[in-house]
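Notes follow once the structure below has been shown.
Predicted, not measured: the structure shown is a model, and the values here were computed from it.
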Amino acid sequence: MADADEVDRIVDDWERERPDLDFAPLQVFSRVARLSKLLDRARRQAFERSELESWEFDVLSALRRAGSPYRLSPKALLTQTLVSSGTMTNRIDRLVARGLVTRQTDPHDGRGVLVEMSAAGLTRVDAAITRLVDAEAELLKGLPAAEQRRLAALLRKLSLGFA
């Protein structure tokens with residue numbers, strides 16, 4: 001096979017040694033795992049260049065996607081970042097200490113708190129998302145746009161099966 005990759009070689013070896021098994025899942029998920037490692041590296045580099053940790057990007061990007069004034073309740077941040085309330089409290093404290101977010105009293109509920117992104121947080125998250133999109137586009141450059149859309153549709157279909 002002219003366009004064989006390492007997964008093809010691994011599967012060929014397994015098929016020779018265990019012809020009784022269907023290695024189709026390995027063809028998919030071994031590639032997904034290898035691509036995940038490349039993506040993790042690209043994301044880490046994009047975030048590091050913006051002086052953010054991955055978890056900081058997660059919180060700041062949730063605030064950025066909320067739109068101006070880039071403010072959400074801690075509960076909404078929990079929902080979007082899938083962490084425990086204790087973890088979120090710690091993360092908010094650390095982001096406040098770095099000057100990337102502030103805590104505000106909820107104007108609709110004096111007992112409630114809202115987390116609002118600062119100008120510094122906005123600058124950092126915008127730089128990080130620009131770098132991330134550029135890095136991910138670079139990883140996909142070998143596929144034409146139509147194939148990228150098809151791949152995205154197939155991955156969406158697969159991931160919905162786990163929801």
Side-chain angles (χ1 to χ4, degrees), residues 1-67 70 72 74-95 98 100-101 115 117 120-163:
M1 197 179 316
D3 290 333
D5 65 3
E6 186 61 22
V7 173
D8 288 319
R9 289 183 277 285
I10 290 168
V11 169
D12 286 348
D13 290 346
W14 274 118
E15 286 176 336
R16 182 189 69 242
E17 295 300 316
R18 290 292 311 269
D20 57 310
L21 296 176
D22 177 7
F23 289 97
L26 204 64
Q27 290 275 3
V28 173
F29 289 111
S30 291
R31 287 185 176 92
V32 168
R34 288 167 183 265
L35 291 169
S36 177
K37 288 178 184 178
L38 290 172
L39 179 59
D40 284 345
R41 186 179 316 130
R43 285 181 171 221
R44 265 194 321 277
Q45 289 171 350
F47 301 152
E48 285 172 6
R49 288 181 60 211
S50 301
E51 299 177 14
L52 293 174
E53 297 289 331
S54 173
W55 66 266
E56 291 173 315
F57 176 80
D58 288 346
V59 175
L60 293 175
S61 66
L63 292 167
R64 180 65 166 103
R65 291 188 316 268
Y70 315 115
L72 290 171
K75 184 175 181 178
L77 287 169
L78 284 172
T79 302
Q80 292 193 33
T81 59
L82 303 175
V83 297
S84 70
S85 62
T87 298
M88 182 53 65
T89 298
N90 182 286
R91 288 180 176 186
I92 293 167
D93 289 346
R94 291 170 66 187
L95 288 167
R98 288 196 62 201
L100 300 176
V101 303
V115 178
M117 186 161 39
L122 180 62
T123 298
R124 294 261 176 94
V125 77
D126 278 355
I129 193 63
T130 299
R131 289 178 174 124
L132 178 60
V133 169
D134 289 347
E136 290 181 356
E138 182 68 21
L139 291 174
L140 288 170
K141 73 180 181 184
L143 293 178
E147 288 183 2
Q148 290 180 34
R149 287 189 299 274
R150 179 73 178 136
L151 178 59
L154 289 169
L155 291 171
R156 179 184 306 108
K157 183 176 181 179
L158 180 63
S159 68
L160 287 172
F162 297 109

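With rounding to the nearest 0.5 angstrom, the CG atom of Leu160 is 11.0 Å from the CG atom of Leu155. With rounding to the nearest 0.5 angstrom, the CG atom of Leu26 is 9.0 Å from the CH2 atom of Trp14. Remark: Phe57 CZ to Leu132 CG distance equals 5.5 Å, nearest 0.5 Å. Between atom CG of residue Leu78 and atom CD1 of residue Ile92 there is a gap of 7.5 Å, rounded to the nearest 0.5 Å. Separating the CD1 atom in Ile10 from the CD atom in Gln27 is a distance of 10.0 Å, to the nearest 0.5 Å. Between atom CD1 of residue Ile129 and atom CG of residue Leu52 there is a gap of 11.0 Å, rounded to the nearest 0.5 Å.
A salt bridge links Asp13 with Arg16: at least one charged nitrogen is closer than 4.0 Å to a carboxylate oxygen. Taking the charged nitrogens against the carboxylate oxygens, Asp5 and Arg31 do have a contact shorter than 4.0 Å, which makes a salt bridge.
Smallest separation of non-hydrogen atoms from Arg18 and Phe23: O-CE1, 3.4 Å. Between Met88 and Pro74, the shortest heavy-atom distance links the atoms CG-O, 4.2 Å. Nearest heavy atoms, Ala135 versus Ala42: CB-CB, 4.0 Å.
A heavy-atom distance below 4.5 Å is found between the side chains of Leu60 and Val101. Between Glu138 and Asp134 the shortest side-chain heavy-atom distance does not fall below 4.5 Å. Looking at heavy atoms from C-beta onward, Glu56 lies out of side-chain contact with Phe47 at the 4.5 angstrom threshold.
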message: Checking Glu15 against Val11 for the side chain to side chain contact (heavy atoms under 4.5 Å, CB included) test, could you report, in this order, the C-alpha distance in whole Å, the side-chain angles of both residues, the deciding distance, and whether it holds?
response: CA-CA 6 Å; Glu15 286 176 336; Val11 169; 3.7 Å; yes
- request: Test salt bridge (charged side-chain N to carboxylate O under 4.0 Å, His left out) on Glu53 and Arg94 and set out the steps.
  value: CA-CA 11 Å; Glu53 297 289 331; Arg94 291 170 66 187; over 6 Å; no
- prompt: What do the steps show when you test Met117 against Leu95 for side chain to side chain contact (heavy atoms under 4.5 Å, CB included), and what is the final call?
  reply: CA-CA 9 Å; Met117 186 161 39; Leu95 288 167; over 6 Å; no
task: Could you give me the CA-CA distance, side-chain angles and deciding distance for Leu63 and Leu77, then say whether side chain to side chain contact (heavy atoms under 4.5 Å, CB included) is met?
output: CA-CA 8 Å; Leu63 292 167; Leu77 287 169; 4.1 Å; yes
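In terms of the salt bridge (Lys or Arg N to Asp or Glu O under 4.0 Å) criterion, residue partners of Arg9 (sequence neighbours excluded) are, by chain and number, Glu6.
At a cut-off of 3.5 Å, with distance as the only test, a side-chain donor of Ser61 or Arg65 sits close to an acceptor on the other residue. Under 3.5 Å, the side chains of Arg41 and Gln45 contain no donor-acceptor pair of N or O atoms.
The backbone N or O of Leu100 sits nowhere less than 3.5 Å from a side-chain atom of Arg124 that would complete a donor-acceptor pair. The backbone N or O of Ser85 sits less than 3.5 Å from a side-chain atom of Thr89, completing a donor-acceptor pair.
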